[in-house]
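Here's the structure we're looking at; comments come further down.
In what follows, every chain begins at residue 1, and chains take the letters A, B, ... in the order their sequences are listed.
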Number of protein chains: 2
Amino acid sequence: MSTYVLVAEDDRKQAELIRRYLAHDGYEVSVVHDGRTALGEATRRPPDLLVLDWMLPGLDGLEVCRRLRGASELPILMLTARSTEDDLLRGLDLGADDYMTKPFRPRELVARIRTLLRRSRHTAGPATVAAVPPAAPESPAVLTVGGLTVNAAQHQVFVHDRPVNCTPGEFRILSAMAASPERVFTRSQLLDCLTDHGRPVSERTVDVHILNLRKKIETSPRRPQHLLTVHGIGYKLASGDHGT
Amino acid sequence: MSTYVLVAEDDRKQAELIRRYLAHDGYEVSVVHDGRTALGEATRRPPDLLVLDWMLPGLDGLEVCRRLRGASELPILMLTARSTEDDLLRGLDLGADDYMTKPFRPRELVARIRTLLRRSRHTAGPATVAAVPPAAPESPAVLTVGGLTVNAAQHQVFVHDRPVNCTPGEFRILSAMAASPERVFTRSQLLDCLTDHGRPVSERTVDVHILNLRKKIETSPRRPQHLLTVHGIGYKLASGDHGT
DNA sequence: CGCAATTGTCAAGAAGTTGTCAGGGAAACC
DNA sequence: GGTTTCCCTGACAACTTCTTGACAATTGCG
């Protein structure tokens, strides 16, 4: 019994991207490309969550949202194109539970979807599901892993209570890794924390970020104790002791 | 066990806006659009707090307020488009615990709701309330953070006991930040302290306010000690020591 | 041991963010 | 009404951070 997510997005590339990420995270996914189909599909087989583009041909996202909302508690994550609407949106209503502006970082999308689903499960009564939430749980405000603390609210990292200043990119990588100690992340996964897919970025960029992070948080960067290389795969964050 | 807030507001956009902000703050929220439904809903499932629009179709806010107040201690926050002294008094007379005129700043609404809830929890016992002064302070009257004091009652800021004149906007930003030292605020969050969502406002406006605040409260604005930039995220108010 | 692939490192240019200023215009205040 | 105060924007300067490409060091494997 898996969690079913419906994606309504007319740009096929975007749609495919989203589908991939969600599928990879263990969700069952359907994709539709216009508003009317979205409405029909959502009615025929009610999903656990709907990812809805603002501008859809036929019947736009807002309208779909409104109609669905009349009848159900279905959580909706709205997507919207950048800037022009950005501020406008804040003022206009928006019957969604959350929204993201494009372009977005894939990891962030998946994370928010997870949050929405968790929330809806709590409120909604006997709704279905026992599906194991994939990989990383939603990050709590403060994570501590082997002397390393990542505080989301303060956007600050501490090594044994000594504050360390990280750049935004470094912080994202560290947060992701701290949420799942010992788990090995591929460069590709870490890259997803850094960029939207607006343009191709070399995976080697991740190495440089790791390098810089090591300089900041490791006592001797040459023999790291926290950020370990997993040769041929990627990197992981060590949770404590283990060998040397 | 989450806190349940019922919102009775007939303007759907307003309602949606409120719902969003409350939900985002972790409350469980239901929305109804007319007075009769509000009454029924509040009876069927008594909320921890009711946000009530003055003018509602069917049965207006005053009437709903009166009927509910006959039976319970339910905290009520009244909303109204009007703002004469007269109405305010009538509203409070009828048992509303606080009162806001539209348009309002989202942060302020959330802050007042928090205050009301805190208060109602404390006086959990027998009847009290009645003629509590409106305009509830959103946080303690005086906050001091690393040599910087924000006095809400006097609407005055001090740096090491030297008074500083702030404009209304500057004061709002500083109050919000002083209430949570070290916490990083995004521009978007700070903007919520400044404007209702009547029209879109650029986030860069926040930077200008910060700039002006720094000129007033920092010894050397170029190397601020209180209002720190968190590159890529926003700003925070330093509580004292920590890094440079 | 030696080869090939993978990772570490650095520095410089490109991108993206923030600092700063001054003018137009709205709102508040006599 | 006329002033004064405050806010917002737009432009440009000053910084940070990101990304790349080249080369060195390391690892894994045969």
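- Between E170(B) and N165(B), the shortest heavy-atom distance links the atoms OE1-O, 4.4 Å.
- Here salt bridge (charged side-chain N to carboxylate O under 4.0 Å, His left out) pairs that include residues 153-163 of chain B, with residues two or more places apart or in two chains, number zero.
- In this structure, C166(B) and H231(A) both approach DNA chain D, and ranking their closest nucleotides by distance from the 5' end singles out C166(B).
- Residue contacts for T167(B): at a heavy-atom cut-off of 4.0 Å it reaches the sugar-phosphate backbone alone, with no base atom in range.
- Listed here is the closest heavy atom pair of C166(B) and V157(B): SG-CG2, 3.8 Å.
- Using a 4.0 Å heavy-atom criterion, one finds that I233(A) contacts the sugar-phosphate atoms exclusively.
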Give the intermediate values and the outcome of side-chain contact (heavy atoms from CB on, under 4.5 Å) for residues I76(B) and L116(B). CA-CA 8 Å; I76(B) 296 176; L116(B) 284 180; over 6 Å; no

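- Donor-acceptor pairing under 3.5 Å is lacking for the side chains of T101(A) and T80(A).
- Q14(A) and D11(A) are not linked by any side-chain donor-acceptor pair at a separation below 3.5 angstrom, with hydrogens and angles left out of the test.
- The footprint of chain B on DNA chain D, defined by a heavy-atom cutoff below 4.0 Å, extends from dC6(D) to dT17(D).
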Summary of protein contacts for nucleotides 19-26 of chain C, nucleotide by nucleotide, where a base hit scores B, a sugar-phosphate-only hit scores S (4.0 Å, heavy atoms): BBB-----

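- Remark: the R107(A) side chain and the Y21(A) side chain contain no N/O donor-acceptor pair separated by less than 3.5 Å.
- Ring geometry for F171(B) versus H155(B): interplanar angle under 30°, hence parallel rather than tilted (30 to 60°).
- Per the geometry, CG belonging to L213(A) stands 15 Å off C1' belonging to dT9(C), to the nearest Å.
- Nucleotides of DNA chain D nearest to P200(A) and H209(B) differ in position, and the one nearer the 5' end is that of H209(B).
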